[in-house]
Amino acid sequence: MKNITFSLIAIMLVFASCKKKEEQAPPQGPAPFPVKTISVQDAVVYQEYSANLQGQQNVEIRPKVNGYIQKIYVDEGQVVKKGQLLFKLETQTLNQDASAAKAAVQAAQVEVDRLKPLVDRKIISIVQLETAKAKLAQVKSNYGSIAANIGYGTIVSPVSGVIGGLPFREGSLVSATSEMPLTTVSDTKIVRAYFSMNEKQLLFFNKTFKGATTAEKLKSAPLVSLVLVDNTIYDQKGKIATMNGLVDPATGNTQFRADFNNPQGILRSGSTGIIRLPIEQKDVILVPQNAVFEVQGKQTIYVVEKGNKVKSTIIETNGTSDLNFIVTAGLKAGDVVVVEGASKLKDDMEITPQQAKDAANETAETKNTTAKK
């Protein structure tokens, strides 16, 4: 009986202790989230376009005569100069044809030389001499053609650049009608980035940059940047050099070309990248990119409403400015948006808003702190 009494007393003491701790623990309120109050401001907005890179010159090397590849003097990726020897085709058959053609020229010349004095002495008609001269001209032309073809067996580079692939090997039979070229020589001292704008983007471009003509608009357009496939920015700025004068009716796009110097050979023909066109805009709305998430392909952000409850809102964006999206629809000045932790939120969830520091101010404060140290 005593054991039972002691057990009851112990249970009551534990219960009382737990209840006291619960009474002492402060009630948990809504979780804090960093927020930002939307305001209009000036910013540099970047329009981005996918681009294909090509060398200033991409020259396909093709044979002008049929023959077997006797010797290949270059390798893939090798840098060559204009006039450098690339391939040697076997021309033994052509050499034999040339010998026969040369003999025919000699025979025709002998005939002309034989007939001349006979015509002078009026022994034969001048028509015979003229006929012999015509035959001489014909066989000379035939010989010249064969000799030229022999020269075509030696293939040199028409430009300076980098050798592409070598699909054929020594001993392969090639011809002037082969579908595949012997190789491609790409001049990459200047690399051309080709990109396209749709009709809406083209209209915006024409309205943004001054000029009555295409040349004037291109001249007033700013330098562009190139984002490489590893997401780094190429260290050389490019200039938009050309714009197609017509809109492709099949795609609705217009092609542009930006030129980049390539002194260190970092850019290669056939690569891809992203063109970033900077545009200064007045009175725009910016939101951090990490505050925006996608729902069914639509860009969404959480807006803080009455009672500090959040509501997901679909927005429309048009380009970026540093680490921010520029918002064209869905938000207005004075709106409060959640800038971090969107994955933890859901509609009508109550939060404790905490004003986040502006990224530019944080950067400035960090620089000032470092300078003081």
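Quantities reported herein were computed from a predicted structural model and do not represent experimental measurements.
Here the side chains of Q56 and T188 are not in contact, with every heavy-atom distance at 4.5 Å or above. Side-chain contact between I275 and E48 is absent, with no heavy-atom pair separated by less than 4.5 Å. Residues V338 and L345 have side chains in contact (heavy-atom distance under 4.5 Å, counting atoms from C-beta outward). In this structure, the side chains of I61 and I155 come closer than 4.5 Å at one or more pairs of heavy atoms. Side-chain contact check for F260 versus L226: some heavy-atom pair is nearer than 4.5 Å. A 4.5 Å side-chain heavy-atom check between P263 and Q236 finds at least one atom pair inside the cut-off.
E170 contributes a side-chain N or O that, together with a main-chain N or O of I72, makes up a donor-acceptor pair within less than 3.5 Å.
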Stepwise side chain to side chain contact (heavy atoms under 4.5 Å, CB included) test for K217 and N206
CA-CA 7 Å; K217 291 182 182 297; N206 287 331; 3.5 Å; yes
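Using a cutoff of 4.0 Å between basic side-chain nitrogens and carboxylate oxygens, D348 and K309 are not scored as salt-bridged.
In this model, a donor atom of one side chain and an acceptor atom of the other lie less than 3.5 Å apart for Q299 and T317. Q84 and S157 are not linked by any side-chain donor-acceptor pair at a separation below 3.5 angstrom, with hydrogens and angles left out of the test. Inspection of the K88 and T154 side chains reveals an N or O donor paired with an N or O acceptor under 3.5 Å.
The OG atom of S172 sits 10.0 Å away from atom OH of Y68, with the distance rounded to the nearest 0.5 Å. A distance of 5.0 Å separates CG of L86 from CD1 of I163, quoted to the nearest 0.5 Å.
For S186, the side-chain hydrogen bond (donor to acceptor under 3.5 Å, both in side chains) partners two or more places apart in sequence, or in a different chain, are N58. The side-chain hydrogen bond (donor to acceptor under 3.5 Å, both in side chains) search around K237 returns S225, not counting sequence neighbours.
A distance below 6.0 Å separates the ring centres of F256 and F205.
Within a 6.0 Å sphere centred on NZ of K135, heavy atoms belonging to other residues, nucleotides or ligands number 12 at most. The neighbour count for E305 CD, taken as heavy atoms of other residues, nucleotides or ligands under 6.0 Å away, is above 12. Within a 6.0 Å radius of CD in Q354, more than 12 heavy atoms belonging to other residues, nucleotides or ligands are found. For R62, the CZ atom counts as densely surrounded, since its 6.0 Å shell holds more than 12 non-hydrogen atoms of other residues, nucleotides or ligands.
When the options T183, V79, V80 are evaluated for a side chain to side chain contact (heavy atoms under 4.5 Å, CB included) with V74, the one that passes is V80.
The ring pair (Phe, Tyr, Trp, His ring centres under 6.0 Å) analysis of residues 264-321, with sequence neighbours excluded, yields the pairs F293-Y302.
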